[in-house]
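All values derive from a computational prediction rather than experimental measurement.
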Amino acid sequence: MSENGHDGDSGTGTGSTPATGPAHAPDRRAWVAPLISTVVTLPLGLITLFIGGLTPMACDSCNGAAADRFDASFTIAWTVLWIGLLIALAVLITSWVVPHQLRHAARRVGLALAAPATVVVTFVAFMALVDWP
């Protein structure tokens, strides 16, 4: 056994143990950005879903062609809303799953910022897709 405790290592530094540098160091604050993103994204997503669910009441008094246009556009918009919210949830989960190392801090913060931004973009797309009466 060599002096650093690895069999087969002759002490030349060519062993199978990777070098650990500051980029591979654990990030003690890795949970902060995903936590803030979770606190913002989940309520924002629920509010968006609630408003989207109330949208059909905007055309309660509609009939004929206006109701048909609204129903057709609402079906597409509702699908876009659900897909966008699922994407936001996936991005939020990904921000938690990124390895807790300093070299992944920027990626983690970017994903944490992208989750609520995805909800906002999805809501704007939903509102734009609905053919309001």
Side-chain angles (χ1 to χ4, degrees):
M1 196 186 262
S2 63
E3 60 185 71
N4 66 357
H6 295 287
D7 289 335
D9 189 10
S10 62
T12 60
T14 60
S16 61
T17 306
T20 57
H24 295 283
D27 188 4
R28 294 187 326 239
R29 297 177 308 235
W31 56 273
V32 174
L35 179 66
I36 293 171
S37 180
T38 301
V39 168
V40 171
T41 303
L42 292 181
L44 191 62
L46 288 174
I47 291 169
T48 300
L49 192 59
F50 180 73
I51 292 171
L54 290 178
T55 300
M57 290 193 306
C59 197
D60 279 346
S61 63
C62 297
N63 55 16
D68 292 338
R69 281 193 321 269
F70 178 80
D71 288 339
S73 67
F74 178 76
T75 303
I76 294 168
W78 185 251
T79 304
V80 168
L81 180 69
W82 271 100
I83 291 171
L85 291 177
L86 288 175
I87 290 171
L89 183 63
V91 170
L92 181 65
I93 291 170
T94 304
S95 74
W96 279 103
V97 175
V98 171
H100 293 181
Q101 295 174 342
L102 284 175
R103 68 183 177 144
H104 297 293
R107 184 173 298 135
R108 188 179 313 104
V109 170
L111 288 167
L113 290 173
T118 303
V119 173
V120 170
V121 168
T122 299
F123 182 69
V124 169
F126 170 78
M127 297 300 273
L129 287 171
V130 173
D131 186 11
W132 298 98

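Using a distance-only test at 3.5 Å, with no hydrogens or angles considered, a donor-acceptor pair links the side chain of Ser73 to the main chain of Asp131. Remark: the backbone N or O of Val32 is not paired with any side-chain donor or acceptor of Arg108 at under 3.5 angstrom.
Phe126 and Val120 end up in the same hydrophobic cluster when Ile, Leu, Val, Met, Phe, Trp and Tyr side chains are linked at under 4.5 Å. Note on Val98 and Trp31: separate hydrophobic clusters, where clusters join Ile, Leu, Val, Met, Phe, Trp and Tyr whose side-chain heavy atoms are under 4.5 Å apart, directly or indirectly. When hydrophobic clusters are built by joining Ile, Leu, Val, Met, Phe, Trp and Tyr residues whose side-chain heavy atoms come closer than 4.5 Å, directly or via intermediates, Ile87 is not grouped with Ile76. Under a hydrophobic-cluster definition in which Ile, Leu, Val, Met, Phe, Trp and Tyr are linked whenever side-chain heavy atoms come within less than 4.5 Å, directly or via other members, Leu35 and Leu44 are assigned to different clusters. Linking Ile, Leu, Val, Met, Phe, Trp and Tyr residues whenever their side-chain heavy atoms come within less than 4.5 Å leaves Val121 and Leu85 in two separate clusters.
Nearest heavy-atom pair across Gly52 and Pro56 is O-CD, 3.7 Å. Taking every heavy atom of both residues into account, Ala77 and Val130 meet most closely at CB-CG2, 3.6 Å. For the residue pair Ala112 and Ala33, the shortest heavy atom distance occurs at CB-O, 3.5 Å. The minimum heavy-atom distance between Ala115 and Val91, with the atom names listed, is N-CG1, 3.8 Å.
Annotation: side chain of Thr122 is not in contact with side chain of Thr48 (no heavy-atom distance under 4.5 Å). Between Ser37 and Leu92, the closest side-chain pair of non-hydrogen atoms falls below 4.5 Å. Residues Thr55 and Trp132 are in side-chain contact: their nearest non-hydrogen atoms beyond the backbone lie under 4.5 Å apart. Side chains of Leu49 and Phe123 form no contact here, defined as non-hydrogen atoms less than 4.5 Å apart. You'll find the side chain of Trp82 stays beyond 4.5 Å of the side chain of Thr79, heavy atoms only.
To the nearest 0.5 Å, atom CD1 of residue Ile93 and atom OG1 of residue Thr41 are 11.5 Å apart. In this structure, the separation between CD on Gln101 and CZ on Arg107 is 10.5 Å, given to the nearest 0.5 Å. Rounding to the nearest 0.5 angstrom, the gap separating the CG atom in Leu111 from the OG atom in Ser95 is 6.0 Å.
Below 30°, between 30° and 60°, or above 60°: for Phe74 and Phe70 the angle between ring planes is below 30°, a parallel geometry.
Donor-acceptor pairing under 3.5 Å is recorded for the side chains of Trp96 and Thr38.
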